[in-house]
Protein chains: 2
Amino acid sequence: MEIITIKDIAKALNLSTSTVSRALRGSYEINPETKRLVMEYAERMNYRPNPIALSLKENRSRSIGVIIPEIANNFFSQAINGMESIAYNRGYHVVISQNHESYERELVSTQYLAQRRVDGLLVSLSGESNDLEHFKELQTKGLPIVFFDRVPQDYITHKVIADNFAGAYEATEHLIKQGFRRIAHLTSPSWLSITYERLEGYKKALQNHDIPIEDSYIKYCSHGGMILEEVEQAVMELINHPNRPDAIFTAGDRLSTTCMSLIRREGLRIPEDIAIVGFTNLITAHLLNPALSAVRQPAYEMGQLATEFLIDLIERPKATIRFETKKLDTHLIIRDSSLKATT
Amino acid sequence: MEIITIKDIAKALNLSTSTVSRALRGSYEINPETKRLVMEYAERMNYRPNPIALSLKENRSRSIGVIIPEIANNFFSQAINGMESIAYNRGYHVVISQNHESYERELVSTQYLAQRRVDGLLVSLSGESNDLEHFKELQTKGLPIVFFDRVPQDYITHKVIADNFAGAYEATEHLIKQGFRRIAHLTSPSWLSITYERLEGYKKALQNHDIPIEDSYIKYCSHGGMILEEVEQAVMELINHPNRPDAIFTAGDRLSTTCMSLIRREGLRIPEDIAIVGFTNLITAHLLNPALSAVRQPAYEMGQLATEFLIDLIERPKATIRFETKKLDTHLIIRDSSLKATT
DNA sequence: AACGTTGCCGACAACGATTGCATAAAAAAA
DNA sequence: TTTTTTTATGCAATCGTTGTCGGCAACGTT
């Protein structure tokens, strides 16, 4: 009933561990008859090589670490499913670690996974991370890292992102075409790539339609919606703005839902008083009141692509000549929350 | 720049690895001066013991495995956060594995985690699992297992569940008190504990109010909402029922949202045509159209409690005389989706 | 002076698996 | 029959760490 090792097999069959080991991997220099014996016995005893011993010996674990802000977020859980789909097919396991939008916890997660000898890292940065030394250090030690979604700007490796600029542009332009003019933007911490790119898309759309950019319409939430008070303050400032916005383009699941809650709490109507388009992968978006217009990211595909990049880096370390940044298309779904009342 | 080991320290300081090892763990039989030297050097070189080597040696990993149906589910992601909060405080890491409601994948996940020498397992069964041999086998090999949420009936170990009976009773009674009489129940696979308990609560409430139980109002979805077609068929059968229900009590996040979508797709109104109360931890429940009445489970606390049980089992294997089944209170939140129109 | 204690430290084995090298026996070649 | 080659197997080291054992001083005790 105990866990069986190669030694047990050797003892039972009166062989050495080396012979058993070689027999199991089908080495040509083992007598076919011996091979058969070993194989059969191993099969019968349900032998499985100890992955920990292998990790120690080979200094690799056939697993990849994923560090993301939060599991409880449809974008990330969809991305994880994409990662697993590729990883399992190529013989890797996925170990998930959350940073809860905290730099401290990102650090701890990174160290933990590195110590556990993951063969590579898939990272979406926390809202607090501007120092990337911990990643750089690991990378110079030979640990491949691929960033996705929230990627660092000045970091040379593969990256997988959504076309945040185009998505934001499309969302903002949609609001403009609906007739909204005072369009605010509620977004994540200013130093994140996604924030910058979406902000640029938002600004460009306004510019192209000759709408002046109003800085007080742009609100950053430096914890990405994790802290209610922060979002509350931002949204209240918009609501109480002397020239109250008639639409808000919100970035991220948490920001979009919290913003909706707050607007409703203040007795305002969506979209009559304030329209909303969210950058979100909420699976309940179509069920919300009102149904939430959303820029959807191809989360599953992003996870897949990032994993393919990473496993290539792991398995062919020298082959990569130059690093790529893959940009995937977003998709605007128009629902009730952004429609101008046709009165 | 390489990863430093105890050997490197020994070489650098002209000591043996044993001495270094003992110095680092502060053994009394090492000269304080030597100890200081080793400590300082280790600190300076940022030495961290290799957890893989330790796992191999000690046959344990200081990590606990979690097997759940789906990450992308608010109940489970909240439970995971609860688990992590306890685990980290007690020096354990959490490794997450999904079974996607499939028995096959549950098996694979279980084997994987066992091979990785997790010190214990936290399990919520997949919708397909009625055979529990894989768990039993591991348990007899000495691997502690704690079940939560979806627990097996005839299995002797700690379990943590929500008071599904009371929650279902409360939800059903609420619908009755609102004036609904043709109350249907859309639920998970019949063999799951949560299904049975909720069904009993539902039935009891009907009985206590002298409402006959109509079997054709009870619909099981054997994949727990993972497969759209299945839910669609169940919901359509209810909608097209010769005596169409005026309310549905739905179990689970997926079932509740999918059910709402389908009712709306068919042009029916909630709650005027069909009211809904969901057994769900959706964080967007209050934002839905209409706001979804819900029986909430204390997911975070359930995760915490299950983890405390598990770590106790791990650290004091003999201490446990009898196993407990802890039942936590649910909480009904009444919103618009279950209110009888007061016309 | 002989013996026992104590303090400090190193050698070795072990955890499970793989692998280069050595070697025995058997087969082939001389 | 002797030598060479082939075949099949075992030995030992390795990965990083810890536990057991034992050793060698330097001290105190009779």
Side-chain angles (χ1 to χ4, degrees), chain A residues 2-39 41-42 45-63 91 111-112 114-119 141-142, chain B residues 2-39 41-42 45-63 91 111-112 114-119 141-142:
Chain A
E2 281 309 295
I3 292 162
I4 190 169
T5 74
I6 223 169
K7 264 187 212 170
D8 302 321
I9 302 183
K11 205 174 298 171
L13 268 49
N14 246 318
L15 291 167
S16 74
T17 58
S18 356
T19 307
V20 174
S21 170
R22 273 182 282 242
L24 287 172
R25 11 197 70 247
S27 165
Y28 63 94
E29 46 177 17
I30 297 294
N31 188 321
E33 176 62 10
T34 314
K35 232 186 257 186
R36 197 183 54 75
L37 269 167
V38 173
M39 296 278 212
Y41 188 81
M45 303 301 281
N46 200 27
Y47 167 79
R48 293 281 175 281
N50 183 330
I52 298 190
L54 287 176
S55 292
L56 182 60
K57 181 111 181 59
E58 300 180 354
N59 210 28
R60 73 197 225 113
S61 60
R62 292 213 145 268
S63 64
Q111 302 296 357
Y112 169 71
Q115 276 169 37
R116 280 273 161 206
R117 295 292 184 282
V118 293
D119 298 338
K141 281 184 185 169
Chain B
E2 280 309 295
I3 292 162
I4 190 168
T5 74
I6 225 170
K7 263 188 214 170
D8 302 323
I9 302 182
K11 205 174 296 172
L13 266 48
N14 246 317
L15 291 167
S16 75
T17 57
S18 342
T19 306
V20 174
S21 170
R22 273 178 293 231
L24 288 172
R25 14 196 69 245
S27 164
Y28 64 93
E29 46 176 21
I30 297 293
N31 189 319
E33 176 62 12
T34 313
K35 233 187 254 184
R36 199 184 53 76
L37 269 167
V38 173
M39 298 278 211
Y41 188 82
M45 301 303 278
N46 200 26
Y47 166 79
R48 294 279 175 281
N50 183 331
I52 297 189
L54 286 177
S55 291
L56 181 61
K57 185 122 187 45
E58 300 179 356
N59 209 30
R60 73 199 221 110
S61 59
R62 293 212 145 267
S63 64
Q111 302 297 357
Y112 169 71
Q115 277 168 37
R116 281 273 161 203
R117 295 293 183 282
V118 292
D119 298 338
K141 282 184 185 170

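Quick caveat: nothing in here was measured; it's all calculated off a predicted structure. Within every chain, numbering begins at 1; the chains are lettered A, B, ... in the order of the sequence lines, protein sequences first and strands thereafter.
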| Any donor-acceptor pair under 3.5 Å from B/D119 side chain to B/S61 backbone | yes
| message | Mind checking if A/N14 touches a base, just sugar-phosphate, or nothing, with heavy atoms under 4.0 Å? | response | sugar-phosphate
| message | Does A/S55 reach a base, just sugar-phosphate, or nothing at all? Heavy atoms under 4.0 Å. | response | nothing
| message | Restricting to side-chain contact (heavy atoms from CB on, under 4.5 Å), what partner residues turn up for B/A42, sequence neighbours left out? | response | B/I9, B/L24, B/Y47
| task | Assign A/L15 to base, sugar-phosphate, or nothing according to its heavy-atom contacts below 4.0 angstrom with the strands shown. | result | sugar-phosphate
| query | OP1 or OP2 of C/dC9 less than 4.0 angstrom from a side-chain nitrogen or oxygen of B/T19, does that happen here? | reply | no
| query | How would nucleotides 13-20 of chain D be written as a contact map, 5' to 3', with B for base contact, S for sugar-phosphate-only contact and - for no contact, using protein heavy atoms under 4.0 Å? | reply | -BBBBBBB
| query | If we only count heavy atoms from C-beta on, is the B/L56 to A/N50 side-chain gap below 4.5 Å? | reply | yes
Would you list the protein and nucleotides 23-28 of chain D atom pairs, both N or O, that sit under 3.5 Å from each other?
none

| request: Rounded off to whole Å, could you give me the CG-to-P distance for the B/N31 and C/dG7 pair? | output: 12 Å
| request: Show the numbers, then the answer: is there a side chain to side chain contact (heavy atoms under 4.5 Å, CB included) between A/R60 and A/R62? | output: CA-CA 6 Å; A/R60 73 197 225 113; A/R62 292 213 145 268; 3.0 Å; yes
| task | Please confirm whether the backbone N or O of A/Q115 pairs with a side-chain atom of A/R117, one donor and one acceptor, at under 3.5 Å? | result | yes
| When you look at B/S21 and B/S18, which way does the side chain to side chain donor-acceptor pair (under 3.5 Å) test go after all the steps? | CA-CA 5 Å; B/S21 170; B/S18 342; over 6 Å; no
| task | Let me know the distance between CD of B/E33 and P of C/dG7, rounded to the nearest Å. | result | 18 Å
| request: Note down the inter-axis angle between the two ends of the helix from C/dA1-D/dT30 to C/dA30-D/dT1, five pairs each, to the nearest 10°. | output: 80°
| Option from B/L37, B/I30, B/V20 for which side-chain contact (heavy atoms from CB on, under 4.5 Å) with B/L15 holds | B/V20
| said: Please list all pairs meeting salt bridge (Lys or Arg N to Asp or Glu O under 4.0 Å) that have one or both residues in residues 14-31 of chain B, counting only residues at least two apart or in different chains. | reply: B/R22-B/E29
| Set of ring pair (Phe, Tyr, Trp, His ring centres under 6.0 Å) partners for B/Y41, sequence neighbours left out | none
| task | State, with a plain yes or no, whether a side-chain heavy atom of B/K141 is found less than 4.5 Å away from one of A/I3. | result | yes
| task | Could you tell me whether the side chain of B/S55 and the main chain of B/P51 form a donor-acceptor pair under 3.5 Å? | result | yes
